[in-house]
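Working notes for the structure below.
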Amino acid sequence: MYFDKDDFTQDILTFGGSAVRFRSWKNLIYVDRPVDIKYQRMNLFIPEAYFEGGKINGYSSDSAPVFMPNTVGGYMPGNAGEPGCVSPEQDEPNSILGALAHGYVVAAPALRGRTLKALDGSFTGKAPACIVDYKAAVRFLRYFTTDLPGDKNKIITNGTSAGGALSALMGASGNHPDYEPWLQEVGAADARDDVFAASCYCPITDLEHADMAYEWQFLGVNEYRRSRMVMKEGGCPAFLPEEGLMDAAEIRASRGEAALFPSYINSLRLIACDGRPLTLEADGSGPFAEYVKRIVLRSAQTAIDQGKDLSSKSWLRQENGRAVSVDFDGYVRDITRMKTAPAFDALTMATAENSLFGSRWEDCRHFTAYSLENSLAGAGMAEEEIVRVMNPTRYIRDARAVTAKRWRIRHGERDRDTSLAVSAILALLLQEQGNEVDYCAPWDTPHSGDYDLDGLFAWIDQICR
Ligand code: DHB
């Protein structure tokens, strides 16, 4: 691990008819004892203007925020991001190019993921590798790049889905001692890893409670619809629709998991902003359920205010241009179930999360008591401390963590990869601790991210100026 500040290239990219000039430092190994040098590396991009005493968007060399997106999906390894356009056909910048044009410094780390193996066949990217690497990358930046442009007290993480979960974890768990042994092991730089703000698109998080949250939401919908990725000749992925009905064991698991959710919610002692307790009755109804319904209702109202016609939504009651109530069961049937029960800790151990919680020599493990007890795969259980360090909700109320004070969380209204309750819990815990949380469910939006870069950058500008 070293940093040569003179070892950069000067680059120019264009979009929308204008040129973006920046300096690039590529493939910076951000730990002293890398386990996988292909992934424990990052790219750093800095707008050229800051080396010429210039300003962009009101930011100068000292004040420019540092945007730190990850590219992790499915808890797979994520490459170090590069500036470019979203597709070869479109003249639309990706988040990195957009951020540079907007005057941000960009640090784009690669992170290890669950499928990586060493030469001896052992796994090297199981939990908590991805979050350890993200923290190590922040530490590297703080340790080595102090005299380069960019305000290292304004680091903003960004990610989608599993990457959104990692962004949330960065925001929640800054400098927490729980991560120290793993950071020492890889030889992270001696610096802080807390961040200023976190942007999280559809975070697949609170994994050990995500099964119960999913069944609380989808209970009674036994048919599932999803697309399965298959590789065609030439390595081009195709998505095949797959539909089916849950079998008896899955329906049993659905009921079993749904029954666990109220006591989890009640144990959190969540409160609404008016101070009312957000609890659930044993049957899953109650103030927390009403709270989640209001998230959908607000989503609908925003869409109506934008002139969208929602009259086809029979589960939504409208009066004079106001969305007044949501039939939650109707909403859930409309968006349809994607995953069979249990959705994350599968009894067959076939999910991305089972693989995330594998170990050096085991590809997959369980991480919930329910699935371990009912396992059809008969294998081991992830250590409690590993499950814990992957869960941001466990650090928000922990005084030993430096939690980011500013958050932007987006969870598409049509997202079925995890329950809306998951992001709702995250937002509520953050608000309870006095953090600023910009949270909503964008209408008719599936599991996806970076779809509103103008809004994302406007938020960053608002919190940084
Ligand atoms: C992702 C999606 C999932 O449904 C999941 O369980 C984990 C990760 C993703 O898109 O990153």
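Read the numbers this way: they start at 1 and go in the same order the structure lists the ligands and their atoms. Keep in mind the model is a prediction, meaning the values are calculated, not measured.
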| Heteroatom distance test (Ala162, ligand 1): nitrogen or oxygen, under 3.5 angstrom | yes
| Should you measure from each heavy atom of Gly73, which atoms of ligand 1 turn up under 4.0 Å away? | 11 (O)
| note | On a heavy-atom basis, the closest approach of Arg365 and Ala382 is CZ-CA, 3.7 Å
| said: Is it true that Tyr75 and Ser355 share a donor-acceptor pair across their side chains at a distance under 3.5 Å? | reply: no
| request: Keeping the roles fixed (side chain from Lys232, backbone from Val230), state whether a donor-acceptor pair exists under 3.5 Å. | output: no
| message | Looking only at protein heavy atoms, which one is nearest to atom 11 (O) of ligand 1, and what is the separation? | response | Gly74 N, 2.5 Å
| request: Establish, from distance only, whether the side-chain atoms of Asp415 and Tyr201 form a donor-acceptor pair under 3.5 Å. | output: no
| Between Arg192 and Asn175, is any side-chain donor less than 3.5 angstrom from a side-chain acceptor? | no
| request: Run the contact test for Lys339 against ligand 1 with a 4.0 Å cut-off on heavy atoms, strictly below, and give the result. | output: yes
| Taking every non-hydrogen atom, the tightest pair across Tyr134 and Asn158 | OH-O, 3.5 Å
| query | Counting only heavy atoms not in Leu376, do more than 12 sit closer than 6.0 Å to its CG atom? | reply | yes
| message | As an exercise, identify every atom of ligand 1 less than 4.0 angstrom from a heavy atom of Glu353. | response | 5 (C), 6 (O), 7 (C)
| query | Any N/O of Gly163 closer than 3.5 Å to an N/O of ligand 1? | reply | no
| field | Heteroatom proximity flag, His447 to ligand 1, N/O under 3.5 Å | value | yes
| task | Check each atom of ligand 1 against the heavy atoms of Asp417 and keep those under 4.0 Å away; list them by number with element. | result | 2 (C), 3 (C), 4 (O)
| Numbering the atoms of ligand 1 from 1, which are under 4.0 Å from a heavy atom of Ser161? | 1 (C), 2 (C), 8 (C), 9 (C), 10 (O), 11 (O)
